[in-house]
Amino acid sequence: MDTKTTSKTLQHFIGGSWVDAEGGATFEVLNPLDDSLYCHAANGTGNDMRKGIAAAKNAFPTYKETLPKERERWLLRVAEIMEERRDELVDCLIDEIGSPFQKAMFEFDKGLTMIRAAAGLCRNVRGETIPSDAPGKFSMSIREPLGVVAVITPFNVPLIKTTRLVANALAVGNTVVHLPSEMAPHLTVLFAEIVAEAGFPPGSYNVVTGFGHEIGDDLTSHTDVDFVTFTGSTVIGQHINEICAKNKTPNTLELGGKSPTVILADADLDEVVPLAARSIYMFAGQACIGSSRYYVERPLYQEFVKRFSMVASKIGMGDLRDPKTVIAPIISDRQRNRVREHIADAVAKGAKVVAGGEWEGNRCQATLLTDVTEEMTVCKAETFGPVSSIYPIDSYEEGLEKANDTEYGLSSAIFTKDIDKAFHFARNIGAGMCHINGPTIHDEAHVPFGGNGESGVGREGTDADMEAMTELKWVTVQL
Ligand code: NAD
């Protein structure tokens with residue numbers, strides 16, 4: 001297997017300079033495929049984080065006065081340099097987090113569109129004129145950037161999340177302090193190199209690497225942080241929400257999911273099965289919007305189970321650099337144990353494994369379960385692995401009810417030719433996103449992306465981030 005180790009020790013990027021952690025401490029980042037050493041990274045302390053925040057705060061008054069055309073030029077330059085350094089970014093996505101080549105390329109292409117869409121956002125930070133009851137008074141709302149934005153990103157799609165959130169924050173005139181996942185710091189360090197080369201002023205973008213559970217609170221609870229955008233697990237999102245509530249810091253939270261797919265009896269299985277497989281097995285199910293529950297109307301149920309299991313058993317598990325490979329290693333021991341426990345618990349309580357269930361090194365085979373009941377952990381909890389359950393339903397109404405039987409509410413999908421049922425589902429599913437005749441895994445730069453309930457608060461995307469990361473100010477002129 002061709003894996004690469006960077007000899008680099010990654011540093012923080014603060015105020016336009018590359019600096020070691022206080023005391024020079026570092027930590028190891030492992031390649032999840034074989035747990036070999038990938039690189040070392042600066043092990044940030046609370047003081048390092050405070051330096052990052054101070055740099056962003058100092059840069060803000062000047063940065064917010066930069067012109068839309070300057071920010072647009074810098075962002076478009078970021079996209080150009082990303083293309084020049086594509087192989088390096090793709091290699092990093094493969095070796096740092098175990099992305100198969102096809103997922104790494106998908107993420108790279110998506111990341112480019114995020115940056116270009118953010119460049120367009122620079123000219124779209126708009127308020128409005130408002131009629132006034134006061135004679136001779138001209139009344140308007142203007143949008144102002146908030147100040148320092150804290151960006152906290154997960155391991156699984158580090159480039160998509162970094163490009164979207166950092167670029168949108170910078171596009172509307174904020175400065176940024178970024179805490180990347182301790183499992184994916186190199187990707188963010190590469191991005192910081194690109195941002196610096198593109199011409200963004202020192203202090204506009206700062207990166208502090210380290211462990212979230214050690215220095216995350218130093219970021220989210222700091223009174224100089226004006227907005228927090230967090231993507232990660234529900235439990236940490238809840239913790240951050242409580243900190244932000246105390247300080248009245250506005251925030252968006254993009255958290256976990258248990259996204260359902262409903263398949264009605266009139267659906268075409270030739271079309272549905274490949275999309276169903278894509279919905280759960282891409283990056284081995286380590287996707288927040290992956291579909292881990294399939295509700296299939298009884299006339300199609302047996303055939304769906306048969307065909308889906310056949311596809312699952314052939315899903316590519318070869319070299320990560322082979323474009324046909326789909327199944328990735330599970331990122332860490334903790335996550336591997338969770339996947340193992342979910343499968344073992346289900347089997348012990350009577351579920352049938354109709355595909356997969358075995359491991360090859362750190363990779364779990366594409367796994368499908370039937371006969372899953374509510375007592376099984378896998379029924380309701382997020383697995384974050386290549387494991388999905390298939391349930392029979394007797395009607396559309398039962399499918400909707402079961403799809404809604406969750407505390408999460410991120411993505412959802414329905415396959416049917418019945419437009420009335422499809423739209424009824426879209427309107428009544430308690431999820432932030434619904435795809436009719438398409439997979440739960442879908443994202444674009446300019447859409448309102450996000451979830452409800454345990455899946456989060458607020459939406460991301462160019463328009464949503466523009467609204468969340470700026471504030472309206474009411475201004476009048478007495479003429
Ligand atoms: P995680 O919650 O373990 O870590 C996410 C980030 O939080 C990391 O950068 C970590 O360092 C940081 N962190 C940890 N403790 C912190 C604290 N006290 N304060 C501030 N930051 C802290 O999640 P993960 O394992 O990296 O990612 C997987 C999870 O992310 C899954 O639950 C998945 O569903 C979710 N996710 C959601 C979306 C979405 O858009 N809804 C997208 C991707 C991933």
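All ligand and atom numbering here is 1-based and tracks the order in the structure.
- At least one cation-pi condition fails for K258 and Y408: the charged atom is not both under 6.0 angstrom from the six-membered ring centre and inside a 45 degree cone around its axis.
- In summary, the aromatic rings of Y38 and H186 are positioned with their centroids under 6.0 Å apart.
- Residues passing the salt bridge (charged side-chain N to carboxylate O under 4.0 Å, His left out) test with D405, sequence neighbours excluded: K380.
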Polar pairs, ligand 1 vs protein, N/O only, below 3.5 Å.
residue  : atom   : partner : partner atom : Å
ligand 1 : 2 (O)  : S233    : N            : 2.8
ligand 1 : 2 (O)  : S233    : OG           : 2.5
ligand 1 : 9 (O)  : T153    : O            : 2.8
ligand 1 : 9 (O)  : S181    : N            : 3.3
ligand 1 : 11 (O) : E182    : OE1          : 2.6
ligand 1 : 11 (O) : G212    : N            : 3.3
ligand 1 : 15 (N) : H213    : N            : 3.4
ligand 1 : 18 (N) : D217    : OD1          : 3.2
ligand 1 : 26 (O) : F155    : N            : 3.2
ligand 1 : 30 (O) : G232    : O            : 3.4
ligand 1 : 32 (O) : E382    : OE1          : 2.7
ligand 1 : 34 (O) : E382    : OE2          : 2.6
ligand 1 : 40 (O) : K161    : NZ           : 3.0
ligand 1 : 41 (N) : L255    : N            : 3.3
ligand 1 : 41 (N) : L255    : O            : 2.8

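- Seen from the ring of F449, R164 counts as a face-on cation partner, given the 6.0 Å and 45° thresholds.
- Checked for salt-bridge contact, R116 and E83 meet the test: a charged N lies under 4.0 Å from a carboxylate O.
- In this structure, a donor-acceptor pair under 3.5 Å is present between the side chains of D345 and T377.
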